[in-house]
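Both counts, for ligands and for their atoms, begin at 1 and track the order of listing. Only heavy atoms go into these numbers, but all of them, side chains included; no hydrogens, no water, no symmetry mates. Just so you know, residue 1 is the first one in the sequence shown, and it goes up from there.
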Amino acid sequence: MNKNIKFSKFKLIAMAALCFFQFNCKNEKHKSIPENSEIDYVTETVGDVDFGKTKMSEYTPEIRANMNKLYDAKFGMFVHFGPYAQLAGEWKGKKGAAEWIMRRSFIPVAEYEKEAAGKFKPENFNAKEWVDIAENAGMKFIVLTAKHHDGFAMYKSEHPYNLFDFAGFNRDILKELAEECAKRDMKLGFYYSQDQDWHEKGGAGNDWDFGSVIKPADEFDAYFREKAVMQIKELTTNYGDIFMVWFDTPFQITDEQSQLMMDVVKEHQPGALVNARLGNGYGHFDVSIDNGTTPSVSKATWLPDLKVPWQTHESVTKHGWGYTSRGAELDRSEDYSDFIYSLCRIIGNGGVYLLNVAPRPDGTIPESQVNSIHVIGDWLKVNGEAIYGADPSPLKFPPYAITSKPGKVYLHVQDLENNQVALTGLLSKVNKAYVLADTSQQALKFTQKNEKLSVTLPDDLKQQYVTVVVLEIEDQIAKVVDETLQQAADGSIQLPVSKCEFSIRRISYDYDKKVTHRWGENTKQGLIWTVNIKQPGRFKVVSEDSGNDGFEYQLSTLKDTITLNAKGEIGKLTKKQQDGYIKIDEAGIHKLTVYPTIPASKATKGSYEFKGLELIPAKE
Ligand code: GLC
């Protein structure tokens with residue numbers, strides 16, 4: 001059978017599955033949760049379809065304590081390590097993927113066993129070195145792939161396909177890592193691919209050996225109970241305190257199976273945080289889409305609302321998450337500033353950052369990767385106050401990364417062209433401004449008039465990558481302007497993507513181009529604008545996007561809906577006048593939403609960009 005056909009079939013199913021595990025958020029209320037609150041914040045906020053089944057009221061004190069730790073920790077190390085590293089991104093002389101190489105190069109189980117798993121002996125693995133590296137990067141927890149989609153367990157498991165028994169490597173590296181972490185103040189979590197397992201007949205994903213990607217329910221259930229659940233039991237019993245279990249790609253897992261897994265984790269580790277990729281709405285915290293293939297790190301914006309942490313993950317490597325010789329040995333010094341700024345941006349939006357490294361097959365982490373993360377660590381040694389335990393920006397639509405703590409606002413400044421750090425929207429009186437890296441806290445000159453603030457940052461206080469300017473303010477919680485969008489005097493209404501909120505976190509945003517990235521992939525990805533309408537009426541709609549006529553989406557008010565069509569050229573951002581009108585018949589505050597109706601990826605092959613809408617009053 002033709003491999004391309006098989007692959008595209010896989011892609012279709014994978015996409016359907018992806019849609020399936022996206023979570024929903026129809027309710028647009030965002031508020032922070034009062035301490036010890038019993039409200040089901042997660043459920044209430046994101047709806048009950050894809051994320052939020054694990055209600056806040058079910059969060060045990062142990063879970064709440066770890067939630068708080070995660071919220072304070074902010075920054076962790078993801079490690080993708082497994083037999084795929086052995087292949088280093090190459091199969092039979094041809095370029096292949098990283099941790100997906102078995103699937104992408106259709107390597108039969110028997111050959112993968114022989115060439116990758118059987119030869120994999122991470123002899124230079126040194127737990128102390130790994131923990132040192134993470135610690136020096138300012139990371140507070142480590143999440144290691146205990147079993148990835150290739151089905152190979154990285155520890156001594158009862159299931160024989162593992163590093164100890166199958167590869168004959170006479171050490172349990174998870175045990176060594178767990179013991180090292182326990183000695184230090186480093187929390188440990190495990191990544192576990194519960195659904196895809198390309199080694200097993202019943203696991204999802206392998207159709208080149210076993211005929212289909214999605215498996216008959218009984219076969220999958222047998223795999224799930226006999227391998228996945230058993231291994232999660234081992235992982236949550238044999239390695240001390242587990243901070244987090246990071247599940248992935250819930251393609252065919254049923255509600256009952258997700259629930260079972262949740263129960264197993266809870267029984268053995270009542271404090272372990274489970275991510276939402278367990279599937280079917282289960283999990284304690286949500287994670288973003290993968291960083292994808294955008295240049296450098298992907299820039300994503302998120303709901304700046306939660307004390308309940310959500311998390312995004314990116315990699316210091318290119319071409320995947322696991323080791324490849326072409327993507328994991330690169331000097332990334334040109335991106336150092338962006339790595340740091342990415343951290344600031346994520347924390348400024350209420351998130352937690354998991355940054356991935358990919359060790360070589362011998363277990364060592366390449367120096368170039370260590371350099372990339374240590375640059376962040378060095379920056380954090382000086383600027384950590386603005387990150388660890390910090391709250392998000394008090395402004396919903398900050399012009400750049402901003403974090404806050406009681407009585408303080410931190411402005412994270414990258415690439416400042418002149419000496420003026422400007423901010424519009426802060427109402428609290430500023431008492432003092434200084435650079436966080438300046439130990440003498442020399443007061444900076446500033447002017448503040450109504451909501452406009454301008455701080456003078458002298459050249460000699462500008463830092464190499466990102467400078468943090470601290471504002472000491474009069475209020476404990478910063479007061480800011482009302483950010484509701486206003487209808488213009490000529491009656492027009494601008495709805496730029498830069499001023500909308502996302503209904504779910506699985507959309508990302510390109511801060512440079514001010515367009516969405518990967519919006520339109522599924523019908524739950526809503527964009528929401530809050531607008532104050534003074535002159536109601538009928539409006540023509542002008543859209544600005546880059547799709548073709550295969551992609552449609554809907555603009556809605558509470559009472560009216562209009563279908564919009566991308567009707568242009570893929571990859572070319574243009575303004576288009578749409579057919580028809582939208583009616584807004586009352587003055588007041590309105591929520592205007594846009595939801596995709598036909599997934600954009602089908603019509604535009606993933607390159608779709610959306611910049612926003614303009615509503616123009618119709619001449620009666
Ligand atoms: C994915 C990929 C996987 C990677 C993970 C990291 O969904 O399947 O290879 O481990 O994302 O977030």
Side-chain angles (χ1 to χ4, degrees), residues 7 10-11 13-23 50-51 76-85 87 89 96-105 107 112 116 141-154 189-199 203-206 213-214 228 244-253 273-279 283 285-294 297-298 300 310-324 327-328 342 346 351-359 505-506 508 518 521-522 601 606:
F7 183 53
F10 178 77
K11 255 174 93 177
I13 297 167
M15 248 137 58
L18 207 76
C19 296
F20 169 73
F21 80 79
Q22 303 277 3
F23 63 95
D50 287 320
F51 177 56
M77 182 160 92
F78 213 179
V79 189
H80 274 68
F81 190 40
Y84 36 82
L87 303 179
E99 77 288 355
W100 272 72
I101 191 165
M102 185 176 171
R103 159 88 228 168
R104 297 260 157 83
S105 300
I107 307 176
Y112 192 84
F141 60 104
I142 297 176
V143 181
L144 170 65
T145 47
K147 185 199 87 169
H148 204 267
H149 309 330
D150 63 2
F152 186 83
M154 292 293 288
F190 295 132
Y191 167 108
Y192 189 89
S193 175
Q194 79 282 19
D195 198 313
Q196 291 197 78
D197 188 316
W198 305 328
H199 187 258
N206 182 340
V213 166
I214 301 294
M244 173 182 296
V245 187
W246 214 99
F247 291 106
D248 203 6
T249 61
F251 285 179
Q252 74 170 100
I253 189 169
L273 301 174
V274 172
N275 73 336
R277 287 195 188 175
L278 174 55
F285 69 97
D286 193 30
V287 296
S288 71
I289 50 175
D290 295 341
N291 69 348
T293 51
T294 42
V297 288
S298 95
W310 58 270
Q311 175 249 290
T312 194
H313 45 287
E314 295 175 337
S315 189
V316 293
T317 62
K318 286 190 172 179
H319 312 302
W321 300 81
Y323 182 83
T324 61
S342 202
I346 290 161
V352 168
Y353 193 28
L354 192 55
L355 188 57
N356 178 66
V357 296
R505 290 196 174 74
R506 281 168 209 164
S508 79
R518 292 182 66 176
E521 284 183 354
N522 80 72
S601 43

* Hey, can you tell me if Tyr191 and His149 have their rings parallel, tilted or perpendicular (30° and 60° cut-offs)? =>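 Geometry flag for His149 against Tyr191: tilted rings.
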* Going by the angle between their ring planes, with limits at 30° and 60°, are Tyr192 and Phe247 parallel, tilted or perpendicular? ->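 Taking Phe247 first and then Tyr192, their aromatic rings stand perpendicular (interplane angle over 60°).
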Contact atoms of ligand 1, heavy-atom distance to [X] under 4.0 Å:
X      : answer
His313 : 12 (O)
Thr249 : 7 (O), 8 (O)
Trp100 : 2 (C), 3 (C), 8 (O), 9 (O)
His148 : 3 (C), 4 (C), 9 (O), 10 (O)
Glu99  : 3 (C), 4 (C), 9 (O)
Tyr191 : 10 (O)
Trp246 : 12 (O)

Considering all heavy atoms of both residues, which atom of [X] and which atom of [Y] are nearest to each other, and what is their separation?
X      : Y      : value
Trp198 : Gln196 : NE1-OE1, 3.0 Å
Ala98  : Tyr84  : O-CB, 3.6 Å
Tyr323 : Pro359 : CB-O, 3.1 Å
Arg103 : Gly205 : NH1-O, 2.6 Å

* Nitrogen or oxygen of Gln196 less than 3.5 angstrom from that of ligand 1 -> no
* **contact_flag Tyr84 ligand 1 heavy-atom lt 4.0 Å** => no
* Please confirm whether Arg277 comes under 4.0 Å of ligand 1, counting heavy atoms of the residue only. =>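 Yes; Arg277 lies near enough to ligand 1 that a heavy-atom distance drops under 4.0 Å.
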* **Flag side-chain contact, heavy atom, 4.5 Å: Gln311 against Trp246** => yes
* To do: Evaluate the side-chain proximity of Trp321 to Thr145: yes if any heavy-atom separation is below 4.5 Å, no if none is.
  =>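 Counting from C-beta outward, Thr145 and Trp321 never come under 4.5 Å.
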* Under 4.0 Å from ligand 1, counting heavy atoms only, is it the side chain of Thr145, its backbone, both or neither? ->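 Near ligand 1, Thr145 shows nothing, with every heavy atom at 4.0 Å or more.
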